[in-house]
Amino acid sequence: MEKLRGFRDIYPEEMRGREKIFSVAERVSRSFGYEKIDFPSLEPMDLYRMKSGEELVGQTFSFVDRGGREVTLVPEATPSVVRMLVSRKDLSWPVRWFSFPKFWRYEEPQSGRLREFYQFNADLFGPDNYAVDAENISLAAGILDGYGLSGHYELRINSRELMNLLISKTGASSIPAVLGVIDRLEKTDQETLLGDLVKCGMQRKEASNLLELISTPASEPDLKKKLYALPGSKPIMEKLEKTISLVRASTNSDITLHMSTVRGLSYYTGIVFEAFGKGEKTRSILGGGRYNEMAAMLSGSPIPAIGFGMGDVVIEGLMRKLGIWNESRPSAKAYICTASTDYLEYAFTVAGLLRRSGMDTDIDLSGRSLSAQMKSAAKSGAKKAIIIGAREKSGRKVTLRNMETGEQQEVDLEGALMQF
RNA sequence: GCCGGGGUGGGGUAGUGGAUAUCCUUGGGGACUGUGGAUCCCCGGACCCGGGUUCAAUUCCCGGACCCGGCCCCA
């Protein structure tokens with residue numbers, strides 16, 4: 001009877017907040033012209049082998065099905081979405097798609113991470129320019145703002161091209177390895193970082209210069225000068241600055257250049273971004289970037305792409321901390337009590353009328369005393385109670401009680417409908 | 001996969017090598033068979049699982065699963 005590790009049961013009270021997560025993301029996405037898609041929960045394991053190699057496959061729920069196929073419960077959206085994209089030759093660009101499916105990853109559960117979770121994904125395919133990047137990032141900000149998180153998060157933006165340029169000026173033998181070190185900047189001490197960078201082939205002096213540069217806050221006026229002074233950086237910096245200013249035009253939230261945001265070892269080729277709760281030590285609440293090589297890896301034909309993913313777990317944690325996670329119980333607007341079960345048939349008739357006219361209606365089916373039923377009616381939060389007994393049935397009437405004021409009257413059915 | 005911490009009804013708790021396991025809350029019923037959330041009364045519901053030590057384990061020891069958190073990783 002126990003749940004599996006890292007999985008959750010979701011009760012009605014918790015569904016309220018969860019539905020807001022879904023509905024806001026959907027509404028804001030549509031307002032940006034994104035259309036909703038969905039894809040299978042089970043995919044061939046090879047879909048992830050191709051993209052990521054065996055290591056990531058080891059962190060999935062994978063098994064051999066009855067037909068001998070190696071299959072994987074989907075751990076992410078991108079491969080499936082890209083497959084959908086390249087399978088269609090009649091799409092006009094740009095393609096803006098979003099989805100909000102469940103994913104599964106076989107990892108140790110901890111704060112902000114479970115083995116089953118929902119993840120919102122929004123991608124834009126086709127054009128590749130700073131405005132496209134800015135629009136996708138603006139959608140991310142728009143959704144967080146829609147959750148009521150304005151002012152409570154910081155959106156960090158960086159450019160892989162800039163980082164590649166910086167790293168290529170050093171003696172490092174592998175850019176991805178250096179990015180991996182930088183990604184751990186905030187949770188690792190200086191000495192370890194230096195050592196790790198030296199292991200990547202840098203001189204110690206180069207390593208400390210690099211660390212100093214990427215640790216500089218964007219508010220520091222000299223930072224921009226230093227970056228522009230790098231040979232070859234001008235077009236990259238101009239693009240990055242234009243992107244950031246467009247995003248800032250769309251939201252009042254904090255948008256910052258943050259050079260230690262590099263998004264790990266993944267497949268990004270251009271701009272990268274991540275959102276964090278302000279003053280929280282939580283993991284990122286959302287992250288994404290430009291990944292122009294992905295389609296070519298999966299299909300042979302390159303399609304420029306930018307997108308991001310946002311898991312429900314971290315968002316929920318942040319909203320709970322801020323006290324904006326809604327757990328109130330939905331209440332029926334009408335609650336029908338009967339003097340005895342003899343009147344249930346008439347109660348069903350009345351309920352049918354109410355429901356067809358758009359009124360959520362509970363019928364008390366317990367057969368208990370009227371007083372007990374009234375207690376339930378009060379507890380349910382219903383605005384009106386309807387009492388049905390011999391008098392009401394014979395006169396095709398109902399007794400309508402206002403649960404807030406306690407006033408009640410006997411009215412005919414049409415009159416009752418008018419009251420709602 | 002590794003490391004640290006944790007467990008008593010649905011939720012929150014008290015307590016104990018031995019007796020009917022405490023209290024609050026939630027849930028159900030009644031007082032009140034045609035009328036409310038208050039009050040009063042009654043009822044239901046728990047020592048994570050397995051092994052060991054012991055005359056006796058919810059309590060002590062070991063292991064496991066689970067929960068919380070950290071590492072790795074974060075697609």
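Reckoned from all heavy atoms, side chains included, excluding hydrogens, waters and symmetry mates. So you know, we letter chains A, B, ... as the sequences are listed, proteins then strands, and number each from 1.
Within the 4.0 angstrom heavy-atom criterion, base atoms lie near A:Gln408. Among the protein residues, A:Ser284 comes within range of no part of the nucleic acid, since none of its heavy atoms lies under 4.0 Å from any strand. Nucleic acid contact class of A:Gly264 (heavy atoms, under 4.0 Å, all strands): none. Counting non-hydrogen atoms under 4.0 angstrom, A:Gln119 reaches nothing in the nucleic acid. Residue contacts shown for A:Gly367 are absent, as no nucleic acid heavy atom lies under 4.0 Å away. Contacts of A:Asn402 with the nucleic acid, taken as non-hydrogen atoms under 4.0 Å apart, include base atoms. A:Gly406 comes within contact range of at least one nucleobase, with a heavy-atom separation under 4.0 Å.
Taking the C1' atoms as reference points, B:G12 lies 14 Å from B:G7, given to the whole Å. With C1' as the reference atom, B:C47 and B:G6 are 15 Å apart, rounded to whole Å. Taking atom P in both B:A75 and B:C61, one finds a spacing of 42 Å when rounded to whole Å. Spacing of C1' atoms, B:C71 relative to B:G52, comes out at 33 Å, to the nearest Å. For the P atom pair drawn from B:C48 and B:U58, the interatomic distance equals 9 Å after rounding to whole Å. When the P atom is compared between B:G9 and B:G45, the two are found 14 Å apart, to the nearest whole Å. Only the P atoms considered, B:C74 is 25 Å distant from B:G4, to the nearest whole Å.
Checked against a 6.0 Å centroid threshold, the rings of A:Phe120 and A:Phe22 do not count as neighbours.
One can find a donor-acceptor pair under 3.5 Å joining the base of B:A75 and the side-chain atoms of A:Arg105.
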Pairs under 3.5 Å (N/O, protein and nucleotides 37-39 of chain B):
| unit_1 | atom_1 | unit_2 | atom_2 | d |
| --- | --- | --- | --- | --- |
| B:G37 | OP1 | A:Lys375 | NZ | 3.4 |
| B:G37 | N1 | A:Ala378 | O | 3.2 |
| B:G37 | N2 | A:Ala378 | O | 2.5 |

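Taking 4.0 angstrom as the limit, A:Lys187 places a side-chain polar atom (N or O) nearer than this to OP1 or OP2 of B:C72. Within the 4.0 Å cut-off from OP1 or OP2 of B:C73, not a single side-chain nitrogen or oxygen of A:Arg283 is found.
Comparing B:G70, B:U35, B:U33 against the side chain of A:Met374 picks out B:U35 as the nearest. Among the nucleotides B:A75, B:G36, B:G69, the one closest to any side-chain atom of A:Ser111 is B:G69.
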For residues 124-132 of chain A, which side-chain N or O atoms pair as donor and acceptor with protein atoms under 3.5 Å away, sequence neighbours left out?
| unit_1 | atom_1 | unit_2 | atom_2 | d |
| --- | --- | --- | --- | --- |
| A:Asp128 | OD1 | A:Arg290 | NE | 3.2 |
| A:Asp128 | OD2 | A:Asn292 | ND2 | 3.0 |
| A:Asn129 | OD1 | A:Ala131 | N | 2.8 |
| A:Asn129 | OD1 | A:Val132 | N | 2.9 |

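For the pair A:Thr361 (side chain) and A:Met359 (backbone), a donor-acceptor distance under 3.5 Å is present. Not one N or O on the side chain of A:Arg396 forms a donor-acceptor pair closer than 3.5 Å with the backbone of A:Asp412.
The residue among A:Glu410 and A:Glu107 whose nearest nucleotide of RNA chain B is located toward the 5' end is A:Glu410.
Taking the ring axis of A:Tyr106 as reference, the NZ or CZ atom of A:Arg115 stays within 45° of it and closer than 6.0 Å to the ring centre.
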